[in-house]
Amino acid sequence: MSTINRYAQQISAHVLSNKRVGQYHQILISVGEVVKHCRPGNFIAISVGGENSGMVLRRAFALSRVSDRGEFGGTLELIVAPHGSGSRWLCSQTEGAVLDVITPLGDAFGIPTEPVNTLLIGGGYGSAPLFGLAEVLKARGCRVDMILGASSSPKIYAPLEGKRSVNSLKIYTEDASSGIHGRVTDSLEEIIENDSIDVIYSCGPMAMLAAISSIAQSAGVVHQCAVEESMACGIGVCMTCVLPIRQEDGSIAMLRSCIDGPVMDGSVVEWDRVGKVNEVAE
Amino acid sequence: MSTINRYAQQISAHVLSNKRVGQYHQILISVGEVVKHCRPGNFIAISVGGENSGMVLRRAFALSRVSDRGEFGGTLELIVAPHGSGSRWLCSQTEGAVLDVITPLGDAFGIPTEPVNTLLIGGGYGSAPLFGLAEVLKARGCRVDMILGASSSPKIYAPLEGKRSVNSLKIYTEDASSGIHGRVTDSLEEIIENDSIDVIYSCGPMAMLAAISSIAQSAGVVHQCAVEESMACGIGVCMTCVLPIRQEDGSIAMLRSCIDGPVMDGSVVEWDRVGKVNEVAE
Amino acid sequence: MTLDFSTTLGPAWFPAPIFTASGCASSGKELAQFFPLKSIGAIVTKSIMVKARPGRPTPRMAETPSGMLNSIGLQGPGIDSFIANDIPWLVEQGARIIVSIAGETVDEYATLARRLRSVPGISALEVNISCPNVENRGMVFACDPVSSRAVIDGVRRTLGGDLPIIAKLSPDVTDIVSIAREVVDAGADGVALINTLLGMVINTETMRPHLGGKTGGLSGPAIRPVAVRAIYQVHQALPKIPILGMGGVRNGRDAFEMILAGASGVSVGTATFGNPKAAIEIQSELKALVSAKGFTSLKSAVGFAHREIDSESAKESM
Amino acid sequence: MTLDFSTTLGPAWFPAPIFTASGCASSGKELAQFFPLKSIGAIVTKSIMVKARPGRPTPRMAETPSGMLNSIGLQGPGIDSFIANDIPWLVEQGARIIVSIAGETVDEYATLARRLRSVPGISALEVNISCPNVENRGMVFACDPVSSRAVIDGVRRTLGGDLPIIAKLSPDVTDIVSIAREVVDAGADGVALINTLLGMVINTETMRPHLGGKTGGLSGPAIRPVAVRAIYQVHQALPKIPILGMGGVRNGRDAFEMILAGASGVSVGTATFGNPKAAIEIQSELKALVSAKGFTSLKSAVGFAHREIDSESAKESM
Ligand SMILES: Cc1cc2nc3c(=O)[nH]c(=O)nc-3n(C[C@H](O)[C@H](O)[C@H](O)COP(=O)(O)OP(=O)(O)OC[C@H]3O[C@@H](n4cnc5c(N)ncnc54)[C@H](O)[C@@H]3O)c2cc1C
Ligand SMILES: Cc1cc2nc3c(=O)[nH]c(=O)nc-3n(C[C@H](O)[C@H](O)[C@H](O)COP(=O)(O)OP(=O)(O)OC[C@H]3O[C@@H](n4cnc5c(N)ncnc54)[C@H](O)[C@@H]3O)c2cc1C
Ligand SMILES: Cc1cc2nc3c(=O)[nH]c(=O)nc-3n(C[C@H](O)[C@H](O)[C@H](O)COP(=O)(O)O)c2cc1C
Ligand SMILES: Cc1cc2nc3c(=O)[nH]c(=O)nc-3n(C[C@H](O)[C@H](O)[C@H](O)COP(=O)(O)O)c2cc1C
Ligand code: FES
Ligand code: FES
């Protein structure tokens with residue numbers, strides 16, 4: 001058998017709690033044994049709208065926090081922005097509701113084998129998977145700095161517990177409603193240099209990831225980013241979620257961000273070619 | 001303005017309670033002022049499936065009991081059989097759920113101006129509107145006998161309170177699980193004669209209404225039946241719910257059972273022509 | 001900034017761009033309890049034929065995922081009763097009226113045009129050519145460019161130059177643009193897009209086609225992407241020809257989508273079955289959306305999806 | 001009473017009648033974690049072309065009411081890589097394989113047939129003719145009887161008599177029966193009905209077509225009534241020609257509906273995106289339904305909706 005989707009299981013997950021945090025919903029679900037295979041960077045695909053829903057596709061969400069201890073056994077925490085009809089439906093589910101989910105899907109953030117200096121950059125709800133990642137990195141002895149950005153304060157997701165697992169946290173808002181006025185990339189060069197960053201991990205809007213990629217590349221640091229393309233299937237069978245990735249031979253391959261991602265090496269993503277006709281074949 | 005749908009209002013109705021009774025759900029909803037215009041025979045059209053439902057049409061239900069007293073103001077009781085996806089969704093709604101409803105729709109049972117002997121015949125959930133009707137008839141001084149039938153006992157709907165408003169109640173089941181073994185039409189001729197019935201009111205499956213019509217006609221008694229045709233709109237604009245009705249000049253008109261019904265004079269319905277091509281024009 | 005929300009379909013002017021869809025509002029009476037008929041663009045009446053018609057056997061409908069099938073078979077009272085009863089009533093309400101006509105022969109359409117041409121109070125004729133042509137092996141007029149053309153030609157000649165003609169096309173064709181060209185060439189002032197798609201549901205209990213008429217027309221949100229595509233294609237090919245868009249519109253966003261694709265007006269059909277106030281609610285939602293996007297007139301939004309991104313600044317000047 | 005659940009598409013035999021739909025299961029690998037691929041009728045692979053193709057620009061999909069649009073543009077590795085990597089892997093799994101091929105010229109289809117004819121382990125070819133014909137102003141082969149015929153004819157000649165050919169037709173035509181007749185006449189052993197409907201979604205935020213490729217193919221439950229109608233019409237006209245039905249099937253009831261309409265097998269496409277186990281679950285549900293209705297073989301249920309009510313007793317004898 002193939003190893004794609006290897007640990008993915010389709011299960012019924014109970015909603016244990018649903019709390020509003022700023023403009024997001026923090027949703028805790030119980031998933032049992034499957035947490036054993038869940039890693040920061042993986043995502044979950046959730047059916048929305050109930051039995052007779054006109055929404056035929058699942059919605060993808062990053063795993064924000066994975067826990068296999070506690071009274072409910074294996075649990076996953078999701079940070080959901082009420083964006084359109086599907087995510088709004090999910091945000092309206094209350095304790096006891098049963099969700100049809102598939103997880104873990106996609107690849108995970110690569111974890112350095114040695115203790116290095118890492119910088120985690122999150123945009124909006126993109127910070128969700130970074131706190132879980134921070135814990136793992138910490139456990140490996142890495143230094144973990146974090147910078148988060150959003151248009152406005154309520155769109156910053158930075159839970160108190162999360163802050164404990166990072167060495168430093170900077171917040172940027174475009175409207176100056178909290179933290180520094182500006183964007184996460186504004187002083188990125190300086191931060192990389194001053195803090196001797198070895199690896200950047202990022203998650204957020206594509207434009208942010210592209211900007212970080214170019215800075216990381218000139219600074220010569222590794223950049224692992226979790227991308228977010230529209231996904232119809234989430235399991236690699238439909239080819240909707242592709243991104244142009246430069247191959248070693250210089251050609252461009254349209255790779256599926258659901259199985260070859262969502263975590264990708266920022267330096268090989270051809271950001272300028274996203275959404276263009278890419279005549280170079282795989 | 002036209003008088004069609006005159007009192008119909010589209011409102012949000014809260015579910016006050018939802019109890020299982022045999023194979024049905026007894027659902028009580030609060031509708032406010034609109035009850036003032038609700039009469040036995042009228043129906044309600046309910047949106048099903050919630051906001052992103054793939055079910056685009058409303059579902060029709062007879063008003064079983066109308067009340068404008070009590071702590072919740074105007075309330076309506078519905079008796080709902082979990083039949084397909086829409087009615088099952090409705091049966092799954094619990095206290096506090098908000099329904100999008102339109103009521104009162106359709107015509108009502110005609111009430112005799114003098115105290116006469118009436119016989120009310122219900123098949124399955126067809127008994128629902130008959131208990132409310134019985135109360136009205138009683139108040140007019142009519143004698144009210146009732147016979148109910150179904151394939152099996154759990155499909156008989158005959159609430160205790162309801163029984164109080166009738167002079168007699170006979171139950172028929174086809175599997176002999178309760179009452180008399182057989183169908184409501186089995187001894188109908190005798191009952192009409194013995195009890196000197198003047199008017200029959202009926203509600204239930206079309207085949208039952210047809211059978212009652214033919215017996216009523218030979219016995220020479222008036223027969224008002226509440227029919228049940230598939231309805232797309234419930235308000236008279238779509239022409240899906242038509243039944244062949246004999247006109248005074250002998251021609252057949254295809255009348256809309258949502259606005260010219262659901263209560264119809266059984267003697268003018270051309271039961272044999274239901275579902276046939278009716279080349280005689282309106 | 002106030003919004004000019006009016007629209008035109010050829011020479012006919014309407015204060016607002018939302019209409020009922022033919023066959024989904026009867027002749028208006030039943031909806032009058034839910035909103036004032038004159039508040040929307042116009043009432044498009046159920047297709048009327050020369051003679052009274054009983055329609056097809058029941059069951060006449062089946063719900064399908066995000067849609068429905070209908071096989072009504074154009075039940076109706078015939079043109080005489082319609083002119084005597086329905087038109088005057090609508091005129092009395094102050095509603096604008098688009099009369100939809102249907103026939104089984106080219107002559108029948110012309111006859112209807114003749115009966116209607118001098119009736120006061122009508123804003124336009126919608127010519128429903130999705131009917132079987134009894135003179136051509138029952139092939140639907142709208143599926144054949146020659147028959148489509150013949151119908152519109154006959155109606156145009158009979159009608160004279162006054163009343164605008166909107167030809168209503170079927171999506172069940174290989175090339176809807178070529179049909180649109182034919183009817184415009186024959187004298188249609190605009191086209192209505194789209195009629196229902198031919199569909200079928202089999203009842204798995206009885207194991208037979210569910211509808212009395214076996215096949216039926218598919219409508220509702222399910223078909224909206226097909227409608228938007230048809231509107232976009234026809235507007236692209238014939239940018240000067242007004243389009244009355246329809247097919248699955250259930251809110252202001254959906255109506256706006258059709259306007260952007262190239263529709264000058266939008267008809268609301270199946271949505272009315274789920275919500276009798278759909279037309280008037282969609283109209284207010286659309287108004288808010290068009291304003292929010294900075295358009296000063298509905299007309300300047302028509303077909304906007306076809307313009308290049310960099311010409312966005314041209315928005316106000318149109 | 002045991003049920004013979006096997007089916008045939010021309011000379012090809014399958015132990016069960018549920019298949020994946022081309023383009024909705026890639027080449028099987030990704031689904032193998034969810035159910036054993038050999039447990040369903042066959043894997044129909046994503047349409048393969050001669051050369052590797054990058055496909056269309058993103059966004060490539062839009063969800064629509066009870067459906068979705070896709071504009072993948074046949075991204076794929078090209079026939080060489082496919083034969084070298086995908087086929088052997090599927091064979092190893094014990095899966096039956098139907099290879100879907102696509103081309104831009106009549107010759108390209110023939111070339112694919114030549115490459116595939118001696119590859120072991122293939123049960124049938126599905127010929128996806130819903131592709132633009134670069135030699136005929138980009139008109140989709142399946143929309144033109146002459147081009148449809150030419151493709152199948154070329155494939156049949158190149159292939160020789162062994163491998164069954166299933167021609168996959170587009171519903172975007174005026175008369176699908178006439179296209180079916182042409183391809184059968186040219187040597188197709190069966191037809192696959194239906195491919196997606198051409199649709200469009202306009203993003204009302206950007207006010208531009210949402211998909212990178214502007215238009216896309218509509219699939220999912222929304223289109224099921226159109227698919228059932230197409231299957232019913234083609235089975236009525238060509239009762240001996242096996243049909244592989246598809247379009248919006250998401251449960252056993254839907255699959256049964258297609259069988260009753262005349263399909264000998266049913267492909268599951270979009271449903272797999274919502275539920276990776278859809279194919280295998282639908283297969284068990286279908287089996288239960290066919291048994292419950294008293295059929296002793298799947299084949300005796302094929303096209304049952306066409307039979308007269310009073311011939312119901314003929315059920316067992318077929
Ligand atoms: C790998 C991955 C991880 C994600 N993690 C998170 C998360 O942790 N928290 C969170 O709030 N959101 C996350 N998203 C985005 C989330 O999937 C979308 O917000 C959601 O699908 C929107 O659905 P909707 O019905 O509310 O919106 P609609 O706009 O109505 O959705 C319509 C269709 O477009 C797709 N779509 C719309 N927006 C997006 C988007 N931004 N990304 C991908 N598909 C989209 C939907 O899936 C759906 O198929 C993630 C997306 C991906 C691909
Ligand atoms: C005037 C009237 C009064 C009714 N009163 C009651 C009542 O008091 N209690 C009760 O349980 N049911 C009643 N019904 C029947 C009820 O409307 C149907 O059971 C219900 O619509 C089924 O919907 P569904 O989604 O569960 O079934 P599905 O079979 O999935 O429905 C599919 C479509 O068919 C229509 N449909 C299916 N069955 C019927 C039916 N028997 N009658 C009309 N339309 C149908 C549905 O409305 C829907 O549009 C009444 C129907 C009418 C017309
Ligand atoms: C019940 C019903 C009856 C219809 N009758 C007619 C008709 O008489 N004439 C006509 O041109 N279109 C008729 N149509 C088609 C609609 O006018 C409209 O083109 C189609 O339903 C798509 O729009 P919708 O999805 O908003 O309903 C009818 C549609 C329905 C659902
Ligand atoms: C994402 C996607 C990709 C598809 N790719 C192909 C393809 O490569 N070849 C083909 O013949 N059909 C393709 N189809 C069409 C399906 O095989 C099927 O005919 C159609 O989607 C209807 O079935 P469904 O509603 O079950 O998806 C594709 C459909 C989808 C949704
Ligand atoms: S979402 Fe289907 S291949 Fe990635
Ligand atoms: S249900 Fe539409 S006319 Fe009666």
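When reading the values below, keep in mind they use all heavy atoms of this one structure, side chains included, and skip hydrogens, waters and symmetry mates. Note on naming: letters A, B, ... go to the chains in the order of the sequence lines (proteins, then strands), and numbering restarts at 1 for each one.
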Asker: Need one label for A:Leu243: side chain, backbone, both or neither, based on atoms under 4.5 Å from any heavy atom in chain D.
Answerer: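 The answer is neither part of A:Leu243.
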
Asker: Look at A:Ser53, A:Gly54, A:Ala45, A:Ala8 and state which one has the largest set of heavy-atom pairs under 4.5 Å with chain D.
Answerer: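 Sorted descending by pairs with chain D, the first entry is A:Gly54.
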
Asker: Does any part of the side chain of A:Ile102, heavy atoms only, come nearer than 4.5 Å to the side chain of D:Pro276, both counted from C-beta?
Answerer: yes

Asker: Please flag which part of A:Ser47 lies under 4.5 Å from any non-hydrogen atom of chain D: side chain, backbone, both or neither.
Answerer: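 Only the side chain of A:Ser47 comes within 4.5 Å of chain D.
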
Asker: Using heavy-atom distances under 4.5 Å, tell me whether D:Lys51 contacts chain A through its side chain, its backbone, both, or neither.
Answerer: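 Nothing of D:Lys51, per the 4.5 Å heavy-atom cut-off to chain A.
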
Asker: Between atom OG of D:Ser66 and atom CG of A:Asn52, what is the distance when rounded to the nearest 0.5 Å?
Answerer: 9.0 Å

Asker: Can a donor-acceptor pair be found, under 3.5 Å and without considering hydrogens, that links the side chain of D:Arg60 to the backbone of A:Met239?
Answerer: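 Flag set: sc D:Arg60 to bb A:Met239 pair under 3.5 Å.
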
Asker: Hey, which of D:Gly67, D:Ala62, D:Pro59, D:Ser81 has the most heavy atom pairs under 4.5 Å with chain A?
Answerer: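 If we count pairs closer than 4.5 Å to chain A, D:Gly67 comes out on top.
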
Asker: With a 4.5 Å cut-off on side-chain heavy atoms, are D:Arg53 and A:Met254 touching?
Answerer: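 Sidechains of D:Arg53 and A:Met254: no contact.
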
Asker: Taking C-beta and beyond as the side chain, do D:Gln75 and A:Val242 meet within less than 4.5 Å on heavy atoms?
Answerer: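 SC-SC contact between D:Gln75 and A:Val242 confirmed.
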
Asker: Taking atom CD1 of A:Ile235 and atom NZ of D:Lys29, what is their separation to the nearest 0.5 Å?
Answerer: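 Between A:Ile235 CD1 and D:Lys29 NZ, I get 14.5 Å after rounding to 0.5 Å.
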
Asker: So, taking the atom named OG in A:Ser85 and the one named CD in D:Glu63, what distance separates them when rounded to the nearest 0.5 Å?
Answerer: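 The distance works out to 7.0 Å.
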
Asker: I'd like to know which of A:Ala232, A:Gly49, A:Ser230, A:Gly86 tops the heavy-atom pair count under 4.5 Å against chain D.
Answerer: A:Ala232

Asker: Hey, is CD on A:Gln247 packed in by over 12 heavy atoms from elsewhere, all under 6.0 Å?
Answerer: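 Enclosed: over 12 neighbouring heavy atoms sit under 6.0 Å from CD of A:Gln247.
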
Asker: More than 12 heavy atoms of other residues, nucleotides or ligands under 6.0 Å from CD of D:Glu135: yes or no?
Answerer: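 Counting other residues, nucleotides and ligands, CD of D:Glu135 exceeds 12 neighbours.
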
Asker: Could you walk me through whether D:Met61 and A:Leu57 pass the side chain to side chain contact (heavy atoms under 4.5 Å, CB included) test, one step at a time?
Answerer: CA-CA 11 Å; D:Met61 72 104 178; A:Leu57 304 174; 3.7 Å; yes

Asker: About how many Å separate SG of A:Cys238 and CG of D:Asn70, when rounded to the nearest 0.5 Å?
Answerer: 8.0 Å

Asker: Identify the two heavy atoms, one from A:Gly275 and one from D:Pro57, that lie closest to each other, and give their separation to 0.1 Å.
Answerer: O-CB, 3.3 Å

Asker: Check whether any side-chain heavy atom of A:Val56 lies under 4.5 Å from a side-chain heavy atom of D:Phe273, and answer yes or no.
Answerer: no

Asker: First locate atom OG1 of A:Thr240, then atom CG of D:Leu69, and finally report the distance between them rounded to the nearest 0.5 Å.
Answerer: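 Here the rounded value is 12.5 Å.
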
Asker: For the interface with chain A, which of D:Thr20, D:Asn275, D:Thr270 has the highest count of heavy-atom pairs at distances below 4.5 Å?
Answerer: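 Most heavy-atom pairs within the cutoff with chain A belong to D:Asn275.
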
Asker: Should A:Arg256 and D:Glu30 count as side-chain neighbours, where that means a heavy-atom distance under 4.5 Å?
Answerer: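 They are in contact (side-chain heavy atoms under 4.5 Å apart), so the answer is yes.
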
